[in-house]
Amino acid sequence: MSEEYKVKVEHLTKYFGDLHVLDDVSFNIKKGEFLCVVGPTGCGKTTFLNLLTRIYMPTKGELYIDGERADPKKHNLSVVFQEPSAMPWLTVEKNLRFGMEIKKLAKDEIDRRVLNMIKLLGLEQFRDRYPHQLSMSTAQRIIIGRAFAMQPDLLLMDEPYGQMDIKLRFYLEDEVIRLWKEMGTTVVFITHNIEEAVYLAERVLILTNKPAKIREEVNVDIPRPRKVSDPEFVKIRNHVTEQIRWW
Amino acid sequence: MSKKHGLNLSKAEIMEHRLEILYRILPLISVLLLVGLWMIASRDFNADVGSGFPTPAAVWDRTVRLFTRPVKKMNLIMHALVSLRRIGLALAFDWTFGIIFGIIIGWFPKPRAFFTPMFDAFRAVPPLAWIPLITLWFGIGEFPKILIVIFGSLASIVVNVKAGLSAVDKMYLNVGTVFNATPMQTLIKIAIPSSLDAIFAGVRTSTSAAWMVVLAAEMLGADSGVGFLISRGMDSIDMPLVLTGMIAIGIVGAILAILTQFVERLICPWTRKSK
Amino acid sequence: MPMDKKKQVILSLRNISQSFVVKNEVKPAVEDVSLDVYDNEFLVVLGPGHCGKTVLMNVIAGIETPVEGKKYLKGEEIQGNDRRIGMVFQSLNLMPWRTVLGNVEFGLELAGVGKKERRAISQKYIDLVRLTGFEHAYPHELSGGMKQRVGIARAYTNNPEILIMDEPFGALDAQTRYAMEEEVLRIWKEEKRTVVFVTNNIEEAVFLADRIILLSNCPAKVKQVYDLSPLGRPRNLMDSDFLRLRTEISDNTDLAL
Amino acid sequence: MSESPNVMTNEERVAYVQSKRKQTQLRDTMLALIGVMFFFLVWEAVVLTGLVDSKKLCSVLEVFKLFIVKFSDPNPDGALLLVNVWSSLLIALSGFGLAIVIGVPLGWLMGWYKGFDAFMRPIFEIIRPIPPVSWIPLSIVWMGIGLKAKSFIVFFAAFVPCLINSYTGIRQTKEVLKNVGITFGASNFTVFWKVGIPSSLTMAFAGIKVAIGNAWATLVAAEMLAASSGLGYMILMGRSYGRVDLVILGIVVIGLLGVVISALISKCEDFFMGWKRL
């Protein structure tokens, strides 16, 4: 087993009763890599995510982190869900602490990380607010902060910017890139926005329709910051679009 | 597609499957346990003296005897029907007057301001507390009993209807504005239908409230109805009769709840949300 | 604003301001907005965040009365709501207690149109939005995209000259959203109306509009007007002109975190 | 900003809107006062004109007089007003408190742990449709007519809404919030404790509010059927001595106490649920 891979996914397969959702998906992720996953609507991206987060157990295959079977209790998995997932009864600061308190980190370590995250995201003024007092995008940034603050072995993001406008989206995408570089986290980012995938990823994984398999892996070797109208960018974006439309 | 269960499930999935089966068996176990407990509790039951907790068999015998030798010339079903008639008449009044009154104080601000304190005061009094006053006023005939039930169940429907109409979602009203709805149209075509859910919640709670009140009223002074059966059983230390009464009450109450739910689905098909 | 012969002004707003009193303060939502809407054009009102746009549309539709300013429909001043202005709402304001048909004919019913006639009109628009066969379904049985189609059909039945669409696709997922954007253009081509379409999504705006009016963040002011007729139709999301214009507008938009 | 002269400045608008609001408030308060006064006037008129037999209705003042007198005079039911109030409160609060302590956690456990739910549900469903008042005979047989029996009945009345609401509340916990906990590696119990319970509190409080209403209502029934003191007993005695003033006084005191207790619970809710309002 080569040590340079942080995460190894081997032969992941899932049936719900007779419904075959995921078919023999294998891939590896290097430590500190930013991987995007795209696919057509209803291709089982959610199932895929739920298998990686261990909310569902696979019918066949396994997920290994550092060569061990992944276990949320042992490993450090963080997920940014699509829906708002800040605890409405906790303040911004307490939301940021939530995951680390579950992991029972030392108090001063939590304090340090929370402080750092608040500074990184520029959330000082919101510390004692509750999520419902914030805008959608700020609430989502807190969730992303909560996930990065965990310094996870693997960070999964499920279309965190689903319905936001492009301006906001670019801003938040740049913020994620910044956090990712700062923290050196391994990220799997699921989206159906191909532009977003190409903008963010070092590697794009294209899934097929149900039962989902890996159709192709596309390496994106464009220096950052990337420009969406750059011909190289448009070429890759077109290619990925073709691969999905092909069905 | 693959054949059924031809796949090799992973260990975790097999565990899940086993748990599912366990969840299906557990209810049976608990019901059996309940029956077992009853048996143990009624070990020292003595039918002649009436001491101790009656056995299931004794309760069954008493129920049968209620049909062969009716109390006050009425068998169990007739007693239940008498109670039902009382709540039926009371609810008929509740649902007409209560809904109209609820709509008025929910929708129009001035009547709301005028009636709210009076209504809140009326509502604050527990339904059964009216019984002495009403019997003082009207004696112990059939009418005061129905009146007691009305007093006890009117508040719950008015409260629900009022809540529904005073909180009509603004977005529905906006549709009316864009289509030039008249105030009357807004009330009848938008406000009332949009609060049908709340109105039905009121129908449900008023039904169960009425059922509770009628029992209490019958226990306090009546010579018919299921509540009377219980108090009769208590007075004559006839515990099996008490239990027969309670079981009958439970069954009728459950039927009433199911019935209102069924009617609601019939009238409001859109609430039948697909899961 | 110069007026050439093809572009007849149908609706114009002059110095519209709207604000709300919250506790002891006046919170401005719309500030001094003046704009013209041309006959049969597809106008997109683009603005960031959640401020001002809906208020402005409510003012046009007559749901709210502005604190200041006037609106003119075909040159004459109007106040309050007007039956020549129809609206597709942001939050799918379908009445859950009515079927698709019941929802679509709601406006006609309020206007007192006879049953037969309103059935016929409703059916026509149900067919137009391609919901034939779902007439007796309840809203909760429909998907998000289908619900929006009902909303569009309902707005069409009263035969409005101006159709306001207030962020109709905000709640849809991206794929359905693309499909619905194309649907809206198809319906608009088949039944030409003046459309005022509100969105916070720049890509959607550039894809749909003849003209874009860009609003600023709170309070909403007109920031810039873009004419998109050089872009032609149908548009390609990856076309370089498209991307260039999108970037240009994006750079000019306020960031609303 | 302002072009036309008749447009108001911001300060004027705030003042205008506030005065409008005050006017509406004033109108509503006046209407409410008129409503209450109207009620009492009709009452007095009916009594004074002799339209109703004085045995069936007494004047408002008489009720008030009795209220004062009852602080020092135990007649006719044999206890001072405060003694009756105390005995009723004791029963209501002990039964109600027990219902919260048992019902709410039980609802949480049933709502969270499927196995426990599968086991408890049938028992609960069998017991639920039986109205609490019909337990009175059995509880008298088991526990006599003392505090225990009545507390038990009150407990029963309050227990059902407590359980149902905390059950549905925790059932409605958003899946995504649970998943956040799970993916952070929390055990099922930790998720239950840190996510399920906080998110169900709103519903639980709604249940507690219903419960206090039920408890209070059932208490009266229990005291009328089996007691030798308490407000319900006082009303019943008033009835049998034909003392209409005592009956009305009892009703009023019961109503007022009910309002006070509900208000206290709302205060409690504000304390726990502060985040909602901010």
Side-chain angles (χ1 to χ4, degrees), chain B residues 19 22-31 33-34 53 109-118 120-133 135-137 152 208 211-212 215-216 219-220 226-227 230-231 233-234 237 239 242-243 245-247 249-254 256-257, chain D residues 24 27-36 38-39 52 55-57 114-115 117-123 126-138 140-142 213 216-221 224-225 231-232 235-236 238-239 242 244 247-248 250-252 254-256 258-259 262:
Chain B
L19 272 178
L22 180 67
Y23 294 154
R24 246 172 274 158
I25 300 171
L26 273 172
L28 286 176
I29 298 177
S30 74
V31 172
L33 213 68
L34 198 66
F53 195 71
K110 282 181 195 167
R112 178 173 7 181
F114 184 80
F115 284 112
T116 298
M118 269 189 276
D120 282 351
F122 168 75
R123 186 163 78 105
V125 178
L128 303 174
W130 294 112
I131 294 178
L133 195 62
T135 52
L136 192 70
W137 285 346
S208 61
W211 186 235
M212 187 192 112
L215 294 177
M219 284 166 79
L220 277 164
V226 264
I230 290 190
S231 60
M234 178 163 64
I237 320 179
M239 284 322 276
V242 171
L243 275 170
M246 285 176 67
I247 292 169
I249 287 164
I251 292 172
V252 174
L256 282 176
Chain D
T24 324
R27 186 200 70 191
D28 285 357
T29 328
M30 287 314 291
L31 277 169
L33 277 177
I34 292 169
V36 174
F38 171 77
F39 175 76
V52 176
K55 280 205 175 119
K56 294 195 170 175
L57 195 64
K114 264 193 185 167
D117 187 29
F119 183 75
M120 292 300 291
R121 245 326 243 299
I123 299 177
I126 288 171
I127 295 172
R128 179 162 79 146
I130 302 172
V133 279
S134 56
W135 287 94
I136 291 175
L138 272 189
I140 292 174
V141 168
W142 283 335
W216 206 231
T218 314
L219 168 82
V220 176
M224 289 198 291
L225 280 161
L231 292 166
I235 298 180
L236 203 67
R239 162 81 184 86
V244 72
V247 175
I248 293 175
I251 291 175
V252 171
I254 290 172
L256 279 178
V259 171
S262 309

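Basis for what follows: all heavy atoms, side chains included, without hydrogens, waters or symmetry-related copies. Numbers restart at 1 for each chain; the letters A, B, ... are given by sequence-line order, proteins then strands.
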Participant: Given a strict heavy-atom distance threshold of 4.5 Å, which part of D/Arg27 is in contact with chain B: side chain, backbone, both, or neither?
Facilitator: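 Just its side chain gets close to chain B.
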Participant: Between B/Thr116, B/Val226, B/Leu256, B/Leu220, which has the largest tally of heavy atom pairs under 4.5 Å with chain D?
Facilitator: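 Highest number of heavy-atom pairs under 4.5 Å: B/Leu220.
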Participant: At what distance, to the nearest 0.5 angstrom, does CD1 of D/Ile254 lie from CD1 of D/Ile235?
Facilitator: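 Going from the CD1 atom of D/Ile254 to the CD1 atom of D/Ile235 covers 3.5 Å.
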Participant: Is D/Val244 in contact with chain B via its backbone, its side chain, both, or neither, using a 4.5 Å heavy-atom distance?
Facilitator: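 For D/Val244, heavy atoms of backbone and side chain both lie under 4.5 Å from chain B.
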Participant: Which one wins on heavy-atom pair count under 4.5 Å against chain D: B/Ile251, B/Ile25, B/Ile230, B/Leu33?
Facilitator: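 Among B/Ile251, B/Ile25, B/Ile230, B/Leu33, the one with the most close pairs to chain D is B/Ile230.
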Participant: Only pairs of heavy atoms separated by less than 4.5 Å count here; which of D/Gly255, D/Ala118, D/Gly35 has the most with chain B?
Facilitator: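 Sorted descending by pairs with chain B, the first entry is D/Ala118.
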Participant: Does B/Ser30 have any side-chain hydrogen bond (donor to acceptor under 3.5 Å, both in side chains) partners at least two apart in sequence or in another chain, and if so, which?
Facilitator: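 If we apply the side-chain hydrogen bond (donor to acceptor under 3.5 Å, both in side chains) test to B/Ser30, skipping adjacent residues, there are no hits.
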Participant: For D/Leu33, is it the side chain, the backbone, both or neither that has a heavy atom under 4.5 Å from a heavy atom of chain B?
Facilitator: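 Neither part, no heavy atoms under 4.5 Å.
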Participant: For chain D, which candidate among B/Arg123, B/Arg112, B/Met246, B/Met219 shows the most heavy-atom pairs at distances under 4.5 Å?
Facilitator: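 Of B/Arg123, B/Arg112, B/Met246, B/Met219, B/Met246 has the most heavy-atom pairs under 4.5 Å with chain D.
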Participant: Checking B/Leu22 against chain D: side chain, backbone, both or neither under 4.5 Å from a heavy atom?
Facilitator: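 Neither; nothing under 4.5 Å.
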Participant: Relative to chain D, which segment of B/Thr135 carries a heavy atom at a distance below 4.5 Å: side chain, backbone, both, or neither?
Facilitator: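 Both backbone and side chain of B/Thr135 come within 4.5 Å of chain D.
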Participant: Verify the neighbour count for atom CE of B/Met118: are there more than 12 heavy atoms of other residues, nucleotides or ligands below 6.0 Å?
Facilitator: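 Yes, enclosed.
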Participant: I would like to know whether B/Trp137 and D/Leu57 meet side chain to side chain contact (heavy atoms under 4.5 Å, CB included); could you show each step before the answer?
Facilitator: CA-CA 8 Å; B/Trp137 285 346; D/Leu57 195 64; 3.9 Å; yes
Participant: Identify which part of D/Val220 has an atom lying under 4.5 Å from any heavy atom of chain B, answering side chain, backbone, both or neither.
Facilitator: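 D/Val220 touches chain B through side-chain heavy atoms alone.
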Participant: Given that the side chain runs from C-beta out, which part of B/Leu243 has a heavy atom under 4.5 Å from chain D: side chain, backbone, both or neither?
Facilitator: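 It is the side chain, since no backbone atom gets that close.
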Participant: From D/Leu31 CG over to B/Lys110 NZ, what is the distance, rounded to the nearest 0.5 angstrom?
Facilitator: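 Rounded to the nearest 0.5 Å, the CG-NZ separation comes to 7.5 Å.
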Participant: Check ring pair (Phe, Tyr, Trp, His ring centres under 6.0 Å) between D/Trp135 and all other residues, then give those that pass, not counting sequence neighbours.
Facilitator: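 Here the qualifying residues are D/Phe156.
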Participant: Count the heavy-atom pairs under 4.5 Å between each of D/Gly238, D/Ala32, D/Gly232, D/Gly242 and chain B, then report the option with the highest count.
Facilitator: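 Looking at each option in turn, the highest pair count goes to D/Ala32.
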Participant: Between B/Ala254, B/Ala129, B/Gly253, which shows the greatest number of heavy-atom pairs under 4.5 Å with chain D?
Facilitator: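 Greatest number of close heavy-atom pairs with chain D: B/Ala129.
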Participant: Mind running side chain to side chain contact (heavy atoms under 4.5 Å, CB included) on D/Lys114 and B/Leu19 for me, showing each step along the way?
Facilitator: CA-CA 9 Å; D/Lys114 264 193 185 167; B/Leu19 272 178; over 6 Å; no
Participant: Let's go through D/Asp28 and B/Phe114 carefully: what are the C-alpha distance in whole Å and the side-chain angles of both, what is the deciding distance for side chain to side chain contact (heavy atoms under 4.5 Å, CB included) to 0.1 Å, and is it a yes or a no?
Facilitator: CA-CA 7 Å; D/Asp28 285 357; B/Phe114 184 80; over 6 Å; no
Participant: Between D/Leu231 and chain B, which part of the residue has a heavy atom less than 4.5 Å away: side chain, backbone, both or neither?
Facilitator: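 No part of D/Leu231 comes within 4.5 Å of chain B.
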Participant: Would you check if B/Leu26 and D/Arg121 make a side-chain contact, meaning some heavy-atom pair closer than 4.5 Å?
Facilitator: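 Side-chain contact under 4.5 Å: no.
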Participant: At a heavy-atom distance under 4.5 Å, which candidate from D/Pro129, D/Ser262, D/Gly250, D/Ala221 has the highest pair count against chain B?
Facilitator: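 The option with the most such pairs is D/Pro129.
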Participant: Heavy-atom pairs under 4.5 Å with chain B are the metric here; pick the option from D/Pro132, D/Ser134, D/Gly258 that has the most.
Facilitator: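 Answer, by heavy-atom pair count under 4.5 Å with chain B: D/Ser134.
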Participant: Evaluate the criterion side chain to side chain contact (heavy atoms under 4.5 Å, CB included) for residue pair B/Tyr23 and D/Asp117; output intermediate values, then yes/no.
Facilitator: CA-CA 9 Å; B/Tyr23 294 154; D/Asp117 187 29; over 6 Å; no
